[in-house]
Amino acid sequence: MIVKATKSLFKQHSIHALGISLLSLSLLNACQSTDSTMFNSDSKQTHVMPEIVTQNGKHAFMVDGKPYLVLGAQSNNSANYPAALAKVWSVVEQMSANTLSIPVAWEQVEPIEGQFDFSYLDVLLAEARERDIRLNLLWFATWKNNAPHYAPSWVKLDNQRFPRVVKKDGSSLNSMSPLGKNTLEADKKAFVKLMEYLKSHDKQHTVIMVQIENEVGTYGSKRDFSELAQSQFEQMVPQELVDTLKVKSGSWSEVFNKDADEYFHAWYIAKFCEELAIAGKAVKDLPMNVNVALRNPFYPGDGYSMGGPTDNVIDLWKIAAPSIDMISPDIYFRDHLTVDRVMELYSRQDNPLFISEIGNDQPYARYFFTAMGYQGIGFAPFGMDFTDYANYPLGAKSMSDETIAPFAEIYSLMRPFADVWATLSFENKVWGVAEPHDSLTEKQSIWNANTTEEQIPVSAVELDPALFTQTLDLGLWNAEVTYGRKMFWIDPPIGNAPASGGALIAKLSENEYLVTALRARVSFSPSTEIVDKHHMIERVEEGHFEDGKWIFERVWNGDQTDWGLNFTSVPHLLKVTMATYEL
């Protein structure tokens, strides 16, 4: 079990120490009156540093001293200028997002070496505060998707001082070598200046997270084969890597054989990022993540970005860069099978799951539910602004109200109780599932996001109902989630067209659950442990949260419960109590 030491505030004022046990919502409400500061969104503790807290292999993103769920939006790459921000905020607000991920480019803050300009951030911070939106700053510097495009000209045009990767055949790539000491020192100096700016200009922590670089790695070569790199490659593998992986000592080739080139490149890119994280955190200790240009976990091939923290080198990255709080997947696979596997791989006891990017087309929206099932701390579709750019086929063909709607629907459902869900996810057991098949989605043929699952060639009506049925083991009870059913009677599930359903369940006690869903039926049944007992739904309450307190609205019964709990496109939040009884 890997447990990160918490800061003094959380040690002194843990959720349990405040008397807030989430074993039942009734107890939560009872404790609300004794100390509501931690969970009252209107009483922010403005000088509490955001942090990642890990206990018992589970994670919480603490913002203002309480668990925070990132309902995020990421802008397009070139929206990082004051003149473009109005076209960003309008989408963020329409989505009901609470966090904006947006770049800050090295070239814009240090266009001339040694001269720094943070006027863009002056505007960004002020406008975010006006809207009560938090920020995740994306440091676009040495690497932005392989290339140094966002580095200043005095860096990217000086290959002697700031060397690029050299291929095995001696030609060069437009990707910076992680072994370039001048590159590291120049990047680190600028990054430290950014963190110094945040320390002095953002005492209320509008910026809650910083991303180091963007999709680090190299396309077109497994590593740098320059004279400098080759000399280093022939040295012994660093002892800390040997000891932690429990492998034999030797050169990179001797220890890692066919994987040696990629592991070498990953190690030094990770070390580069670690240097930035250490230096930046020494100034202002904000959570920091690195995002990943993924490889297909089932059929990886060798055309992906080598050296980034892809699934085959996560362990190596964790050893090389312990100051990085999160390795965060950028998901552009559309099919459920691959998306689910990616989230499983990046949701670890030593790694909180943060979906730093995901496509902004309709099929991706439902994977929010999947992320929550893996106890994700946040989710951020990419390209959410009106700056007139679309990255189809990775995302939607254009940005419009129709593009925004699927994400706005989910965020509008979650935002009123986002802090409650984040707390439940940290302290209790939670489940989240998304509709598993989409027969209407065209098969992708994209260099880095080919679909894994074969597309279903027949209409949803002709499909086996099992394809649209998911069973969850909740302990004493099981839950069945199905998609595309009428609200009344027992007609089998046929799926939604297009696939858009999902469900969330949080355990409050052995017999009590918080449940919400969209376009799905949720049915409870006894586990094998109690299957011989008489059982029933004791009570289903619909309600909502206000400042963390459950507000009862009505009871569901009769037709509303006889055929399972049927969720439509209208948001409903339910507290379900199951019971056994004796005759």
Side-chain angles (χ1 to χ4, degrees), residues 142-143 145-148 159 162-184 212-213 215-277 290-324 327 329 342 345-346 348 350-351 447-448:
T142 296
W143 290 282
N145 301 59
N146 168 85
N159 199 57
F162 307 106
R164 286 168 166 78
V165 167
V166 175
K167 295 171 63 177
K168 203 168 188 176
D169 64 7
S171 62
S172 294
L173 291 171
N174 190 24
S175 183
M176 305 298 272
S177 171
L179 294 166
K181 292 183 179 180
N182 292 332
T183 310
L184 172 59
I212 294 178
E213 311 295 342
E215 295 189 354
V216 296
T218 300
Y219 290 102
S221 182
K222 290 187 176 182
R223 68 171 174 93
D224 182 11
F225 288 88
S226 67
E227 184 176 337
L228 171 63
Q230 189 61 32
S231 174
Q232 196 68 38
F233 181 75
E234 292 168 0
Q235 302 301 310
M236 300 287 281
V237 172
Q239 196 62 40
E240 62 180 309
L241 184 58
V242 168
D243 291 344
T244 308
L245 293 182
K246 295 181 172 54
V247 295
K248 64 179 182 179
S249 297
S251 68
W252 287 90
S253 294
E254 290 169 339
V255 175
F256 296 115
N257 301 308
K258 64 181 178 59
D259 296 317
D261 289 336
E262 183 177 2
Y263 284 20
F264 173 83
H265 200 42
W267 177 261
Y268 282 101
I269 292 178
K271 280 296 185 185
F272 188 109
C273 293
E274 171 71 358
E275 288 283 333
L276 265 64
V290 172
N291 64 329
V292 191
L294 299 169
R295 66 178 201 162
N296 188 306
F298 299 109
Y299 306 105
D302 60 4
Y304 56 90
S305 183
M306 297 283 181
T310 47
D311 64 88
N312 56 322
V313 292
I314 297 176
D315 289 339
L316 181 150
W317 262 80
K318 286 292 180 180
I319 298 165
S323 301
I324 302 296
I327 297 174
V342 166
L345 287 167
Y346 285 88
R348 299 166 36 129
D350 62 353
N351 195 67
W447 83 96
N448 65 345

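Partners of Q235 by side chain to side chain donor-acceptor pair (under 3.5 Å), not counting sequence neighbours: none found. Among residues two or more places apart in sequence or in another chain, the ring-ring contact (aromatic ring centres under 6.0 Å, His included) test is passed with Y304 by none. Taking the side chain to side chain donor-acceptor pair (under 3.5 Å) definition, one finds that S251 meets it with E254, sequence neighbours left out. The ring-ring contact (aromatic ring centres under 6.0 Å, His included) search around F264 returns F233, W252, Y268, not counting sequence neighbours. Applying the side chain to side chain donor-acceptor pair (under 3.5 Å) test to S221 and every residue at least two apart in sequence or in another chain returns nothing. Partners of Q239 by side chain to side chain donor-acceptor pair (under 3.5 Å), not counting sequence neighbours, listed by chain and number: D243.
In this structure a side-chain-to-backbone donor-acceptor pair under 3.5 Å is missing from N145 to E215. Checked by atom type and distance alone, the side chain of E213 pairs as donor or acceptor with a backbone atom of T142 at under 3.5 Å. Although no hydrogens or angles enter the test, the distance criterion places no donor-acceptor pair under 3.5 Å between the side chain of K168 and the main chain of F225.
For the atom pair Q232 CD and S226 OG, the distance stands at 10.0 Å (nearest 0.5 Å). Rounding to the nearest 0.5 angstrom, the gap separating the NZ atom in K318 from the CG atom in L316 is 12.5 Å. For the atom pair CG of L179 and CZ of R223, the computed distance is 9.5 Å after rounding to the nearest 0.5 Å. Atoms CD1 and CD1, on I324 and I212 in that order, are 3.5 Å from each other to the nearest 0.5 Å. Atom CZ of R348 sits about 7.0 Å away from atom CD1 of I327, to the nearest 0.5 Å.
Within the cation-pi definition used here (under 6.0 Å to the ring centroid, within 45° of the axis), R164 does not qualify as a partner of F162.
For the pair V290/W143, no side-chain contact is recorded, criterion being any heavy-atom separation below 4.5 Å from C-beta on. Residues S172 and K167 have side chains not in contact (no heavy-atom distance under 4.5 Å, counting atoms from C-beta outward). Between V166 and S171 there is no side-chain heavy-atom pair separated by less than 4.5 Å. Counting only heavy atoms from C-beta outward, the side chains of D311 and R295 approach each other to under 4.5 Å. L345 has its side chain out of reach of V342: every pair of non-hydrogen atoms, C-beta onward, lies at least 4.5 Å apart.
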Checklist line | Derivation of the side chain to side chain contact (heavy atoms under 4.5 Å, CB included) call for W317 and T310 | finding: CA-CA 9 Å; W317 262 80; T310 47; over 6 Å; no
Check: Passes side chain to side chain contact (heavy atoms under 4.5 Å, CB included), N351 versus I314? Steps please.
Finding: CA-CA 10 Å; N351 195 67; I314 297 176; 5.8 Å; no
Check: Stepwise, does the side chain to side chain contact (heavy atoms under 4.5 Å, CB included) test hold for L173 with Y219?
Finding: CA-CA 8 Å; L173 291 171; Y219 290 102; over 6 Å; no
Margin query: Please determine whether side chain to side chain contact (heavy atoms under 4.5 Å, CB included) holds for the pair Y263 and N257, giving the CA-CA distance in whole Å, both sets of side-chain angles, and the decisive distance to 0.1 Å.
Written below: CA-CA 10 Å; Y263 284 20; N257 301 308; over 6 Å; no
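Between K271 and E240 there is a salt bridge, with a side-chain nitrogen of the basic residue lying less than 4.0 Å from a carboxylate oxygen of the acidic one. Salt bridge D259/K222: absent, no basic N to carboxylate O contact under 4.0 Å.
Evaluated for a side-chain contact (heavy atoms from CB on, under 4.5 Å) with S249, the options V242, V255, V237 yield exactly one hit, V242. The one candidate from N159, T218, D224 that meets the side-chain contact (heavy atoms from CB on, under 4.5 Å) condition with S177 is D224.
For the residue pair N146 and S305, no side-chain donor N or O sits within less than 3.5 Å of a side-chain acceptor on the partner. Defined by atom type and a distance below 3.5 Å, a donor-acceptor pair is present between the side-chain atoms of E262 and N312.
Environment of CG in D169: crowded, with over 12 heavy atoms of neighbouring residues, nucleotides or ligands closer than 6.0 Å.
In plain terms, the two heavy atoms of P163 and G180 that are nearest each other are CG-CA, 4.2 Å. When all heavy atoms are compared, the tightest approach of A270 to A321 is O-CB, 3.7 Å. Nearest approach of M176 to P148, heavy atoms of both residues: CG-CB, 3.7 Å. Counting all heavy atoms, side chain and backbone alike, P178 lies closest to F272 at O-CD1, 3.7 Å. Minimum interatomic distance between G307 and H265 (heavy atoms only, all atoms of both residues): CA-CD2, 3.9 Å.
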